[in-house]
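Note that the coordinates shown come from a computational prediction; the quantities given were computed from them, not determined experimentally. For the single chain, residues carry numbers from 1 onward in sequence order.
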Amino acid sequence: MTAQSSSFPLNQQLRRGAAVRRPQEITCFSYDDQHQYQSDASGLRYYYNPQLDTDLSQGFEEFDQHDDSVDEHLDSLLRAIMEHEKATGKKCATDIMTWRGLITKIMSLPYDNRNGWELNATKFQDTIFLEENHSYKMANRWKPDRRGAQMSFWGYKFESLATLPKTWHECTREEVDNRPNERVSNKAQFCSIVKTGLGDTKLILGGEVDAVWDVRPSYVELKTSKLPVNERDEVTFERKLQKFWAQSFLLGVGKIVVGFRDDHGTLLSTRDFETQAIPAIAKRSQRRLWDGNQSIDFTAEALRWIKEQIHEGGVWRIKYDPKGNREITITKVEGEKTFLTQEFLEWRETATLQ
């Protein structure tokens with residue numbers, strides 16, 4: 001039997017001016033320092049200016065790194081949604097439910113099409129659920145050398161330097177000053193879940209939030225980048241801004257703080273960016289590297305196409321192959337079981353919700 005399939009070219013003619021529903025937080029959850037699920041905001045951290053001239057490599061050997069070789073599917077997102085529905089008595093109805101990072105992949109595709117990806121999709125009670133295809137992710141993962149691993153660590157170190165476990169006035173002077181010496185870990189996290197929409201597609205997205213700026217949900221995303229010292233560096237940074245913007249835009253994170261470093265990993269300075277103002281930076285440069293409105297229109301059109309292709313029952317594979325024909329493809333995967341948790345399925349099938 002021939003598998004059902006369809007394709008969406010990257011140069012697809014787009015409808016312009018897609019509507020955007022402003023992200024609204026509906027619930028949240030956390031992971032503790034052992035990466036165990038918590039039904040609260042205990043993983044939330046608070047932004048506070050980092051100490052400059054700090055070595056971002058400090059503590060690299062003691063990095064407490066989460067093992068992401070285990071496929072976590074959408075388990076935590078579904079659990080949080082289920083708990084929210086039990087508390088409110090209302091169904092979280094939407095067209096697509098997934099992690100924010102997967103929609104970021106689609107949103108960045110017109111400008112970053114060198115890296116392939118695969119998603120799994122299934123439809124249940126009129127909602128399409130998307131997850132990353134874990135086996136593809138692991139098989140194609142970049143295996144960094146020591147220098148590469150160290151550079152990845154710099155981002156986590158910056159998060160540790162720029163955040164506090166409580167508000168500033170609740171912290172002791174020692175807690176504030178000792179941040180460079182804290183052991184860095186990426187196991188504890190805070191995740192916000194929002195309802196939003198692009199074009200005619202309603203979305204529920206979950207995603208990690210680095211810190212709160214002052215009070216929830218005034219969130220801030222933390223990034224590191226090499227301080228631009230020439231034209232080539234400026235082009236590289238402007239390209240990175242597209243992903244920075246898309247990631248924060250989708251979850252309604254209003255501010256991004258970039259920690260600029262040198263080639264040796266020394267934190268030199270920080271700069272605040274308002275998320276909504278970032279597309280104008282790309283426009284003013286006149287390099288035509290990316291366009292925010294085009295990103296939105298492309299994503300809205302791609303999501304509309306995904307809704308048209310995926311039907312109740314079974315699992316579908318959504319794929320972008322950089323070696324292929326510059327297109328996204330959807331193929332029905334024969335014989336594959338749902339990746340939704342049994343607990344969530346049983347809850348939805350027996351619950352009486354508004």
Problem set entry | Q125, CD atom: more than 12 neighbouring heavy atoms under 6.0 Å | yes
Problem set entry | Test ring pair (Phe, Tyr, Trp, His ring centres under 6.0 Å) applied to Y37 - qualifying residues, sequence neighbours left out | F29
Problem set entry | Whether H311 side chain and Q309 backbone form a donor-acceptor pair below 3.5 Å | yes
Problem set entry | Cluster companions of V176 among Ile, Leu, Val, Met, Phe, Trp, Tyr (side-chain spacing under 4.5 Å) | Y48, L164, W168
Problem set entry | Salt bridge present between R100 and E208 (N-O < 4.0 angstrom) | no
Problem set entry | Donor-acceptor pair, side chain of T94 and main chain of K202, under 3.5 angstrom | yes
For this session: For atom CZ of R21, decide whether the heavy atoms of other residues, nucleotides or ligands shown that lie under 6.0 angstrom number more than 12.
Result: yes
Problem set entry | side-chain contact (heavy atoms from CB on, under 4.5 Å) between Y320 and T329, worked out | CA-CA 7 Å; Y320 172 70; T329 60; over 6 Å; no
For this session: Please test S30 against Q189 for side-chain hydrogen bond (donor to acceptor under 3.5 Å, both in side chains), starting from the C-alpha separation and ending with a verdict.
Result: CA-CA 6 Å; S30 298; Q189 297 175 9; over 6 Å; no
For this session: Report yes if the distance between the aromatic ring centroids of Y156 and F63 is under 6.0 Å, otherwise no.
Result: yes
For this session: Kindly write out the residues that satisfy side-chain contact (heavy atoms from CB on, under 4.5 Å) with T224, not counting sequence neighbours, or none if the list is empty.
Result: F158
For this session: Before giving the answer on side-chain contact (heavy atoms from CB on, under 4.5 Å), spell out for F237 and V258 the whole-Å C-alpha distance, their side-chain angles and the decisive distance to 0.1 Å.
Result: CA-CA 11 Å; F237 180 67; V258 178; 4.2 Å; yes
Problem set entry | Salt-bridge present (E327, K319; N to O < 4.0 Å) | no
For this session: Using atom types as modelled and distance alone, determine if a side-chain donor or acceptor of N140 lies under 3.5 Å from a backbone N or O of Y136.
Result: yes
Problem set entry | Atom pair NZ/CZ of K323 and R114 - distance to nearest 0.5 Å | 14.5 Å
Problem set entry | Any donor-acceptor pair under 3.5 Å from D297 side chain to A18 backbone | yes
Exercise. Are K255 and E274 close enough for a salt bridge, meaning some N to O gap below 4.0 Å?
Worked result: yes
Problem set entry | Electrostatic pair R79:E343 at N-O distance under 4.0 angstrom | no
Problem set entry | side-chain contact (heavy atoms from CB on, under 4.5 Å) evaluation trace for R261 with W154 | CA-CA 9 Å; R261 56 159 181 85; W154 291 346; 3.3 Å; yes
Exercise. Hey, does the side chain of T172 reach the backbone of E175 with a donor-acceptor pair shorter than 3.5 angstrom?
Worked result: yes
Exercise. What residue pairs, at least two apart or across chains, pass salt bridge (charged side-chain N to carboxylate O under 4.0 Å, His left out) with a residue in residues 138-155?
Worked result: E61-R146, D68-R141
For this session: State, with a plain yes or no, whether a side-chain heavy atom of L250 is found less than 4.5 Å away from one of T196.
Result: no
For this session: Could you please spell out the steps behind the side-chain contact (heavy atoms from CB on, under 4.5 Å) verdict for T54 and T266?
Result: CA-CA 6 Å; T54 301; T266 300; over 6 Å; no
For this session: Determine whether more than 12 heavy atoms belonging to other residues, nucleotides or ligands lie under 6.0 Å from atom CZ of R288.
Result: no
For this session: Could you pull out all residues at least two apart from L227 that satisfy side-chain contact (heavy atoms from CB on, under 4.5 Å)?
Result: F260, L268, S269
For this session: Start with the C-alpha distance between E238 and R287, add both sets of side-chain angles, then the distance that settles salt bridge (charged side-chain N to carboxylate O under 4.0 Å, His left out), and finish with yes or no.
Result: CA-CA 9 Å; E238 190 173 319; R287 295 189 182 100; 2.5 Å; yes
Seminar exercise, completed: Residues joined to W142 in its hydrophobic cluster, side chain to side chain under 4.5 Å directly or through other members, sorted by chain and number, are none
Exercise. For W117, is the NZ or CZ atom of K137 found under 6.0 angstrom from the centre of its six-membered ring and inside 45 degrees of the ring axis?
Worked result: no
For this session: I would like to know whether D64 and K187 meet salt bridge (charged side-chain N to carboxylate O under 4.0 Å, His left out); could you show each step before the answer?
Result: CA-CA 7 Å; D64 184 22; K187 291 180 178 178; 3.0 Å; yes
Problem set entry | Enclosure of K90 NZ (heavy-atom neighbours >12, cutoff 6.0 Å) | no
Exercise. Given side chains that start at C-beta, do those of L267 and P50 come closer than 4.5 Å, heavy atoms only?
Worked result: yes
Exercise. Applying ring-ring contact (aromatic ring centres under 6.0 Å, His included), which residue pairs with at least one partner in residues 187-224 are found, sequence neighbours left out?
Worked result: Y47-W213, F190-Y219
Problem set entry | T27 and E83 side chains, donor-acceptor separation under 3.5 Å | no
Exercise. Quick one: does E170's side chain have a donor or acceptor within less than 3.5 Å of a partner on T167's backbone?
Worked result: yes
Exercise. Ion pair present between E159 and R45, side-chain N to carboxylate O less than 4.0 angstrom?
Worked result: no
Problem set entry | Derivation and outcome, ring-ring contact (aromatic ring centres under 6.0 Å, His included), residues F129 and F344 | CA-CA 12 Å; F129 297 84; F344 180 77; 5.8 Å; yes
Problem set entry | Qualifying residues under salt bridge (charged side-chain N to carboxylate O under 4.0 Å, His left out), relative to K226, sequence neighbours excluded | D233, D263
Exercise. Side chains of T104 and Q247: do they bring a donor and an acceptor to under 3.5 Å?
Worked result: no
Exercise. Between the side chain of D272 and the main-chain N/O of V257, is any donor-acceptor distance below 3.5 Å?
Worked result: no
Exercise. Can you pull the salt bridge (charged side-chain N to carboxylate O under 4.0 Å, His left out) pairs that have at least one residue in residues 213-225, sequence neighbours excluded?
Worked result: E25-R216, E221-K223
For this session: Output all residues satisfying ring pair (Phe, Tyr, Trp, His ring centres under 6.0 Å) with F8, sequence neighbours left out; order by chain, then residue number.
Result: F298, W305
For this session: Verify the distance criterion only: is there a donor paired with an acceptor across the side chains of K240 and S225 at less than 3.5 Å?
Result: yes
For this session: Could you tell me whether the side chain of Q58 and the main chain of P180 form a donor-acceptor pair under 3.5 Å?
Result: yes
Exercise. Any donor and acceptor pair, going by atom type alone, linking the side chain of T331 with main-chain N or O of S5 inside 3.5 Å?
Worked result: no
Exercise. Distance only, no hydrogens: is a donor on one side chain within 3.5 Å (strictly under) of an acceptor on the other, for N133 and S135?
Worked result: yes
Problem set entry | R232 atom CZ, neighbour heavy-atom count above 12 within 6.0 Å | no
Exercise. Can you check salt bridge (charged side-chain N to carboxylate O under 4.0 Å, His left out) on R317 and E336, steps first, answer last?
Worked result: CA-CA 10 Å; R317 184 74 32 77; E336 192 156 324; 3.4 Å; yes
Exercise. For Q276, does the CD atom have more than 12 heavy-atom neighbours from other residues, nucleotides or ligands under 6.0 Å away?
Worked result: no
Exercise. Looking at residues at least two apart in the chain, or sitting in another chain, which of them share a ring pair (Phe, Tyr, Trp, His ring centres under 6.0 Å) with W290?
Worked result: W245
Exercise. When rounded to the nearest 0.5 angstrom, what distance separates CE in M107 from CG in L198?
Worked result: 6.0 Å
For this session: Indicate yes or no for a side-chain donor-acceptor contact from K123 to the backbone of G313 under 3.5 Å, with no hydrogens or angles considered.
Result: no
For this session: Kindly state each residue pair satisfying salt bridge (charged side-chain N to carboxylate O under 4.0 Å, His left out) with at least one member in residues 301-315, sequence neighbours excluded.
Result: R15-E301, D95-K307, D200-R304, D200-K307, E301-R304
